[in-house]
> 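Submitted below is the structure of interest, expressed as structure tokens.
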Amino acid sequence: DLLKAGAWKPEVDVARAELAAAEAQAKAVETEIDRLTVRAPTDGTVLQLNARAGEFAPAGPSATPPVLFGALKRFHVRVDVDENDAWRFAKGAQAVAFVRGNPELETPLRFVRTEPYVVPKVSLTGMSSERVDTRVLQVLYSFDEGTLPVYVGQQMDVFIEAPPME
């Protein structure tokens, strides 16, 4: 008779409650995994990894970021134009980049933007004739990946067209 009667309603209710509790626990675990997973906001490549498993990553800005991430489909070149020559620079001016050490490797650049604030020069060569109090106008140009055999962070020589001095 019990077999024909089926499950007892209180037992069915208990089983449904246990199922709901298990589903809620699974959802909580999924939420915790999602919260602890680091995702990039865009497609790209990890360029440098400065953190290892078990290390503490401080919150806020630091001198060395735990992960350096970037897109490699288009390279950007930050050009420092000396403040003494900044008056000659024209927004959108044509430019050509050369690989340091091999002037045969060159590519035309596409103007991206000008940083409107003149900043102190930070890339110093160490030559005795170099002025350390120089300020520069920073201009960004870009070129496609694969155009030149270069790596992110590599320095290049850039020549920007400017009107002749009179």
> Answer whether the closest heavy-atom distance between the side chains of L105 and P149 falls below 4.5 Å.
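Touching, per the 4.5 Å side-chain cut-off.
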> If you round to the nearest 0.5 Å, how far is CZ of R135 from NZ of K121?
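That separation rounds to 13.5 Å.
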> I want to check something: taking the side chain as every heavy atom from C-beta on, are Q48 and V152 in contact at a cut-off of under 4.5 Å?
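SC-SC contact between Q48 and V152 ruled out.
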> Do V96 and T107 have side-chain heavy atoms sitting under 4.5 Å apart?
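V96 vs T107: side chains apart.
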> Would you please test T147 and F75 for side-chain contact (heavy atoms from CB on, under 4.5 Å) and show each step?
CA-CA 10 Å; T147 308; F75 286 164; over 6 Å; no
> Would Y151 end up clustered with L148 when hydrophobic side chains under 4.5 Å apart are linked, directly or stepwise?
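As far as the 4.5 Å side-chain criterion goes, L148 and Y151 are not connected within one cluster.
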> Which distance, rounded to the nearest 0.5 Å, do you find between the CG of L68 and the OG1 of T45?
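Going from CG on L68 over to OG1 on T45, the span is 11.0 Å.
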> Less than 4.5 Å apart, any side-chain heavy atom of V99 and any of V150?
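Yes, their side chains come closer than 4.5 Å.
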> Given side-chain contact (heavy atoms from CB on, under 4.5 Å), test F69 with L47 step by step and report yes or no.
CA-CA 5 Å; F69 181 83; L47 302 173; over 6 Å; no
> Going by an N to O cut-off under 4.0 Å, is there a salt bridge joining E30 and K27?
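Salt bridge absent between E30 and K27.
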> Is there side-chain contact between V139 and F111, with heavy atoms separated by less than 4.5 Å?
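They are in contact (side-chain heavy atoms under 4.5 Å apart), so the answer is yes.
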> If you measure from CE on M156 to CG on L109, what distance do you get to the nearest 0.5 Å?
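Result: 7.0 Å between the selected atoms.
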> Specify the closest pair of heavy atoms between P58 and S62, including all atoms of both residues, with the distance to one decimal.
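That would be CG-CB, 4.5 Å.
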> From Q155 CD over to R100 CZ, what is the distance, rounded to the nearest 0.5 angstrom?
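If I round to the nearest 0.5 Å, the distance is 4.5 Å.
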> Look at atom CZ of R110 and say whether more than 12 heavy atoms of other residues, nucleotides or ligands are closer to it than 6.0 Å.
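Incorrect, the count does not exceed 12.
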> Once the angle between the rings of F159 and F98 is folded into 0 to 90°, is it parallel (under 30°), tilted (30 to 60°) or perpendicular (over 60°)?
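The arrangement is perpendicular - the two ring planes meet at more than 60°.
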> Hey, quick one: are L140 and V119 part of the same hydrophobic cluster, counting side-chain heavy atoms closer than 4.5 Å, chains of contacts allowed?
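The answer is no; the residues belong to distinct hydrophobic clusters.
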> If I take atom CG from residue N84 and atom OG1 from residue T134, how far apart are they, to the nearest 0.5 angstrom?
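Those atoms lie 7.5 Å apart.
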> So do Q138 and T114 actually touch side chain to side chain, heavy atoms under 4.5 Å?
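When only atoms from C-beta onward are counted, Q138 and T114 do not touch, as no gap falls below 4.5 Å.
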> Tell me whether E115 is salt-bridged to R113, with the criterion being a basic N under 4.0 Å from an acidic carboxylate O.
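Between R113 and E115 there is a salt bridge, with a charged N closer than 4.0 Å to a carboxylate O.
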> Can you confirm whether V158 sits close enough to V77 that some side-chain heavy atom of one is under 4.5 Å from a side-chain heavy atom of the other?
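A side-chain contact under 4.5 Å exists here.
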> Determine the minimum heavy-atom distance between F143 and P108, stating which atoms define it.
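Smallest heavy-atom distance, with atoms named: CB-O, 4.1 Å.
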> Can you check whether I160 reaches V79 side chain to side chain, under 4.5 Å on heavy atoms?
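Result yes, sub-4.5 Å side-chain heavy-atom pair found.
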> Can you tell me if CD on E55 sees more than 12 non-hydrogen neighbours from other groups inside 6.0 Å?
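Yes, because the 6.0 Å sphere around CD of E55 holds more than 12 heavy atoms from other groups.
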> Atom CG in D157, atom CG in N102: separation rounded to 0.5 Å?
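With rounding to 0.5 Å, CG (D157) is 11.0 Å from CG (N102).
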> Carefully, step by step, assess D13 and R16 under the rule side-chain contact (heavy atoms from CB on, under 4.5 Å).
CA-CA 5 Å; D13 292 342; R16 285 189 177 131; 4.3 Å; yes
> Tell me whether R39 is salt-bridged to D34, with the criterion being a basic N under 4.0 Å from an acidic carboxylate O.
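Salt bridge flag = yes for D34 with R39.
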> On a heavy-atom basis, which atom in H76 and which in R74 lie closest, and how many Å separate them?
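Closest approach of H76 to R74, heavy atoms only: ND1-O, 3.7 Å.
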> What pair of heavy atoms forms the shortest contact from A71 to D43, and how long is it?
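Looking at all heavy atoms of both residues, the shortest contact is CB-O, 4.1 Å.
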